[in-house]
Amino acid sequence: MDIAKRSPHNPLLRPSDLQPGIEGMEITCLLNPGVFRMDGKTWLALRVAERPKQVEGKISFPVYAPSGAIKVLSFDKDDPQLDLSDPRVIAYEGKNYLTTMSYLRLVYSDDDIHFQEDEHYPPIFGRGELESFGIEDCRVSTTPDGFYLTFTEVSPVAVGVGLITTKDFRSFERKGMIFPPHNKDCAIFEEKINGAFYAFHRPSSPELGGNYIWLAESPDGVHWGKHQCVAVTRAGKWDSARVGAGAAPIRTKDGWLEIYHGADSQNRYCLGALLLDLNDPSKVLARSEEPIMEPTAKYEQAGFFGNVIFTNGCYLNGDTVRLFYGASDEVICSADMSINEILTTLK
Ligand code: MAN
């Protein structure tokens with residue numbers, strides 16, 4: 001059952017609403033924002049994906065050269081070695097590249113409808129060898145020690161999870177890769193449990209195992225261990241191919257509530273919920289049998305990569321969780337859900 005109340009103003013942001021951030025590129029997609037509240041405003045850390053204007057017969061895409069400069073690579077579209085069957089990926093001679101380069105861009109709003117940029121808060125670009133294909137899908141955890149940003153670092157050698165900490169979004173500490181490849185979808189809990197940091201993460205295991213949600217503990221938020229698997233994919237269900245955490249879990253009276261994404265073999269991305277023990281979040285108390293939100297709106301069904309709703313950011317207002325999400329890997333939307341209603345679906 002879809003219990004989301006979508007904003008009537010959706011999509012809130014489209015690629016044409018912003019100017020490209022990399023010289024010579026155009027914005028292809030806006031995706032999967034991290035969310036935080038600062039100075040009474042809602043802020044989104046958007047994933048902006050750019051590439052050069054495409055010319056007939058070629059596919060071109062940006063990467064960072066070792067010097068840090070942007071370099072454009074291109075292939076002839078009729079090259080028999082080229083596989084463009086997935087609009088997100090270029091497969092060529094056994095190697096994968098991304099069709100776009102992503103970075104993070106901050107926008108804010110007073111009404112959660114109209115968003116704008118502030119020149120004092122510049123974009124966050126990938127840096128160094130492990131981010132040479134960009135950074136993606138940022139979660140922002142608001143903790144008593146400041147903001148913890150976790151995001152996907154993409155490069156020819158790996159897809160892993162990077163961490164940046166900041167107190168004000170003006171100066172940043174880059175902590176490097178905290179979960180090595182292949183790993184994504186990392187959400188750090190916003191409070192410690194029995195003195196330890198906790199995080200969800202999503203390693204992928206190609207042989208035994210799969211794309212499952214794991215939990216890890218840390219003494220300092222940077223070094224992680226005690227890994228445990230908390231949710232696997234379920235054959236024949238909406239989350240049969242991959243699952244991954246959304247934003248940091250929400251503390252409720254019944255347990256930690258985590259809104260996660262699940263996809264099936266057709267790459268249809270829906271949202272569901274997990275309820276975990278407050279004192280020991282490795283114990284799963286309940287899990288959605290059916291999605292609580294599915295791609296039903298037109299902008300969720302058709303776009304750069306259709307039939308996708310993907311959330312990794314929200315904030316709370318009483319019983320309401322306001323989710324921000326990427327629809328069809330192209331536009332940014334929001335929807336509200338009642339926490340009590342989610343908990344009722346889990347009973
Ligand atoms: C998948 C998708 C893309 C993403 C790459 C690299 O192909 O999630 O959106 O760019 O992985 O993370």
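One-based numbering, in listed order, for ligands and for the atoms of each. Nothing fancy with the numbering, it's 1 onward along the sequence.
- Between the Tyr103 side chain and the Gly21 main chain, a donor and an acceptor come within less than 3.5 Å of each other.
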Any protein N or O within less than 3.5 Å of an N or O in ligand 1? List each pair with its distance, or say none.
{"residue": "ligand 1", "atom": "8 (O)", "partner": "Lys184", "partner atom": "NZ", "Å": "3.3"}
{"residue": "ligand 1", "atom": "9 (O)", "partner": "Arg47", "partner atom": "NH2", "Å": "3.3"}
{"residue": "ligand 1", "atom": "10 (O)", "partner": "Arg47", "partner atom": "NH2", "Å": "3.0"}
{"residue": "ligand 1", "atom": "10 (O)", "partner": "Glu136", "partner atom": "OE1", "Å": "3.4"}
{"residue": "ligand 1", "atom": "10 (O)", "partner": "Glu136", "partner atom": "OE2", "Å": "2.7"}
{"residue": "ligand 1", "atom": "11 (O)", "partner": "Lys184", "partner atom": "NZ", "Å": "3.0"}
{"residue": "ligand 1", "atom": "12 (O)", "partner": "Glu136", "partner atom": "OE1", "Å": "2.7"}
{"residue": "ligand 1", "atom": "12 (O)", "partner": "Lys184", "partner atom": "NZ", "Å": "3.0"}

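- A distance of 6.0 Å or more separates the ring centres of Phe200 and Tyr260.
- Not counting sequence neighbours, the partners of Asp137 by the side chain to side chain donor-acceptor pair (under 3.5 Å) test are Asn32, Arg47.
- Ring pair Phe125/Tyr64: centre-to-centre distance not below 6.0 Å.
- A donor-acceptor pair under 3.5 Å is absent between the side-chain atoms of Ser240 and the main chain of Asp264, judged by distance alone.
- Taking the ring centre of Phe151 as origin, the terminal cationic atom of Arg139 falls outside the region bounded by 6.0 Å and 45° from the ring axis.
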